[in-house]
**Q** 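Sending over a structure as structure tokens; questions will come in a sec.
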Amino acid sequence: MPAFSLEPSRTARCAELRALAEERLRPLAEKGEPGRVNRPLVAELGRLGLLERLFTSGALDLCLMRESLAQACTEAETALALQGLGAHPVHAHGTPAQRERWLPAVSEGSAVAAFALSEPGAGSDAAALGLRADGEPAASVGTPGARAEGEPGEPGEAEGSGAALWEQATADPEAPGPRAEGESAWQGVAGARAGRESVSSADPSVQPVAVADGASRWRLTGEKCWISNAPEADFYTVFARTTPGAGARGVTAFLVPADRPGLTGTALDMLSPHPIGALAFDAVPVSADDVLGEVDRGFRVAMGTLNLFRPSVGAFAVGMAQVALDATLVHTARRDAFGGKLRDLQSVAHTVAEMALRTDAARLMVYAAATAYDEGAPDVPKRAAMAKLLATETAQYVVDTAVQLHGARALQRGHLLEHLYREVRAPRIYEGASEVQRGIIAKELYADLEVS
């Protein structure tokens, strides 16, 4: 861990966390089934107090946690990150009842959260977001429940949901189990669980119902895809279109427990080893009590969450790059080749130097973006995009180069680098693909030019 401007206490905590992950988290991770939620691992994260820190730490501390865990146990890192991504909208924008019901369970590791943004036809295209929230007039169902004022900017899908939406770059510029105590109205009804068959969407010719008249109940109809922790999560932060034709400003965030009728899901067999699935919504009932933030302002919720988590996705990537670099240093120093050691070959030595250079540069940019977030800097979207872009692309380069220098042994199933090679690819896509990050960066740069 480089000095940067980290206090000694933070550096010490990082070392302690890496040791803790080696001792208590990695054994649980090794017992897990790829592509499935590892609930014992999530519960242990809760017992160690790490999940609670998702809601009490700033962006820099979140980055340090994710980087440290990534160096010791990528499965634990991802499990922690997905809890934060799925639950942060509840922490930052939920009502007191929503927070009381779900946040303690998330913190202790007894409830699994998920962030459901991406869709089969809406990965990087916000205008195509098609999950419909068909409104029922308020007059026929009563008065909408009160919602607490959101608290954007507080730390809270690692991928959370798959690729983030392109139009998040132009979204609102102001953006930074059961529902309540006791049995819910839908408790006991089959929800989105592993192995269930997906239900097809309703007739696409049916038009969504606008909710400007004050609807307080909706029916969600459509699909979500590439959702981390689906279909095994206990609740989902779901983004649905409440006003047609309004682009990013016609989307609402809902807290949807997994036991709602009409909600089903299937697991997807992906390259990445963590759980990812698809969800089908067949007229799933939600009400004003399930809204996170404000109706038609759901992209505030999404963008505030992503601005926080993008630098920490970079931290995850930096952690993997560091592990690959460390393994390469050891291998090239010991490996006999051409009458000496691999490190004696100038091409190898220069390559390792390049790996180290890029890793440290990415780390510094991640820390700078996280610090900017914690200080409330105005250029957080640009910095977060830069950090995620540089770090994830760097990690891909470093891990791929490490495999090349290790040779065929690194391709054996179970080898550290084989594992990292599968892990490192997805972060360049989820929470905003690299192309999306470049678009955000360019947009922010030209906006600064116009202001000046």
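Values below: all heavy atoms of this structure, side chains included; hydrogens, waters and symmetry mates excluded.
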**Q** Tell me if a side-chain donor or acceptor on Thr394 pairs with a main-chain N or O of Thr359 at a distance below 3.5 Å.
**A** no
**Q** How about Leu60 and Arg10: do any of their side-chain heavy atoms sit closer than 4.5 Å?
**A** yes
**Q** List the atom of Val295, the atom of Thr242, and the distance in Å for their closest heavy-atom pair.
**A** CG1-OG1, 4.2 Å
**Q** Is the ring pair Phe299/Phe239 parallel, tilted or perpendicular, if the boundaries are 30 and 60 degrees?
**A** tilted
**Q** Can we say Glu294 and Arg300 salt-bridge, meaning some charged N sits less than 4.0 Å from an Asp/Glu carboxylate O?
**A** yes
**Q** Looking at every heavy atom in both Phe115 and Ala302, which two are closest together, and how far apart are they?
**A** CZ-CA, 4.2 Å
**Q** Between atom CZ of Arg249 and atom CZ of Arg297, what is the distance when rounded to the nearest 0.5 Å?
**A** 7.0 Å
**Q** Check Leu263, Leu255, Leu117 against Tyr236 for a side chain to side chain contact (heavy atoms under 4.5 Å, CB included) and give me the one that passes.
**A** Leu263
**Q** Taking all non-hydrogen atoms of both residues, which atom of Val106 and which atom of Ala87 are closest, and how far apart?
**A** CG1-CB, 3.9 Å
**Q** Determine whether a donor-acceptor pair (N or O, by modelled atom type, separation under 3.5 Å) exists between the side chain of Lys31 and the backbone of Leu41.
**A** no
**Q** Would you confirm whether Gln83, through its side chain, and Ala111, through its main-chain N or O, come within 3.5 Å as a donor-acceptor pair?
**A** yes
**Q** When rounded to the nearest 0.5 angstrom, what distance separates CZ in Arg425 from CG in Leu420?
**A** 15.0 Å
**Q** I need the single residue from Leu80, Leu69, Asn38 that forms a side chain to side chain contact (heavy atoms under 4.5 Å, CB included) with Leu25. Which is it?
**A** Leu69
**Q** Could you grab the distance from atom CZ of Arg219 to atom CZ of Phe281, nearest 0.5 Å is fine?
**A** 14.0 Å
**Q** Any non-hydrogen side-chain atom of Thr264 less than 4.5 Å from a side-chain atom of Asp282?
**A** no
**Q** Heavy-atom distance under 4.5 Å between the side chains of Arg428 and Glu393, does that happen here?
**A** yes
**Q** Are Ile440 and Leu389 packed together at the side-chain level, in the sense that at least one heavy-atom pair is separated by less than 4.5 angstrom?
**A** no
**Q** Start with the C-alpha gap between Val318 and Cys63, add the side-chain angles, then the distance that decides, and say whether side chain to side chain contact (heavy atoms under 4.5 Å, CB included) holds.
**A** CA-CA 10 Å; Val318 166; Cys63 286; over 6 Å; no
**Q** Side chain to side chain contact (heavy atoms under 4.5 Å, CB included) between Met270 and Trp226: does it pass, once the steps are laid out?
**A** CA-CA 9 Å; Met270 307 288 286; Trp226 305 297; 3.7 Å; yes
**Q** Is the backbone N or O of Glu423 less than 3.5 Å from a side-chain atom of Ser272, with the two atoms forming a donor-acceptor pair by type?
**A** no
**Q** Heavy atoms only: give me the nearest Gly135-Trp218 pair and the separation to one decimal.
**A** CA-CD1, 3.5 Å
**Q** State the CG-CG distance between Asp374 and Asp61, to the nearest 0.5 angstrom.
**A** 7.5 Å
**Q** Does Leu28 reach the side chain of Cys73, with side-chain heavy atoms less than 4.5 Å apart?
**A** no
**Q** Run the salt-bridge test on Glu418 and Arg422 with the 4.0 Å N-O cut-off and return the result as yes or no.
**A** yes
**Q** Got a donor-acceptor contact below 3.5 angstrom from the Asn307 side chain to the Val380 backbone?
**A** no
**Q** CD/Glu75 to NE2/His274 distance, rounded to the nearest 0.5 angstrom?
**A** 11.5 Å
**Q** Which residue in the set Gln98, Arg260, Arg217 passes side-chain hydrogen bond (donor to acceptor under 3.5 Å, both in side chains) when paired with Asp290?
**A** Arg260
**Q** Looking only at heavy atoms, what is the nearest atom pair of Met320 and Val424, with distance?
**A** CE-CA, 3.9 Å
**Q** Hey, does Arg383 have a side-chain heavy atom less than 4.5 Å from the side chain of Tyr373?
**A** no
**Q** Any side-chain heavy atom of Lys382 within less than 4.5 Å of one from Leu445?
**A** yes
**Q** Applying side chain to side chain contact (heavy atoms under 4.5 Å, CB included) to Thr95 and Asp289, what does each step give before you reach the verdict?
**A** CA-CA 8 Å; Thr95 66; Asp289 290 337; over 6 Å; no
**Q** Mind checking whether Phe55 and His91 have parallel, tilted or perpendicular rings, split at 30° and 60°?
**A** tilted
**Q** Taking all non-hydrogen atoms of both residues into account, name the closest pair between Ser110 and Asp234 and its distance.
**A** O-OD2, 3.9 Å
**Q** Would you mind reporting whether Thr392 and Phe316 have side-chain heavy atoms less than 4.5 Å apart?
**A** no
**Q** CE of Met303 to CG of Leu306: how many Å apart, nearest 0.5 Å?
**A** 5.0 Å
**Q** Could you tell me whether Glu44 and Arg24 make a salt bridge, using a distance below 4.0 angstrom between a side-chain N and a carboxylate O?
**A** yes
**Q** For a salt bridge (Lys or Arg N to Asp or Glu O under 4.0 Å) with Glu119, tell me which candidate from Lys224, Arg241, Arg132 qualifies.
**A** Lys224
**Q** Do the charged groups of Arg13 and Glu16 touch, with an N to O distance under 4.0 Å?
**A** no
**Q** Side chain to side chain contact (heavy atoms under 4.5 Å, CB included), that's the test. Do Thr237 and Thr305 meet it? Break it down for me.
**A** CA-CA 11 Å; Thr237 295; Thr305 302; over 6 Å; no
**Q** With distance as the sole test, does Ser312 use its side chain to make a donor-acceptor pair with the main-chain N or O of Phe309 at under 3.5 Å?
**A** yes
**Q** Is there a donor-acceptor pair under 3.5 Å between the side chain of Gln437 and the backbone N or O of Gly432?
**A** yes
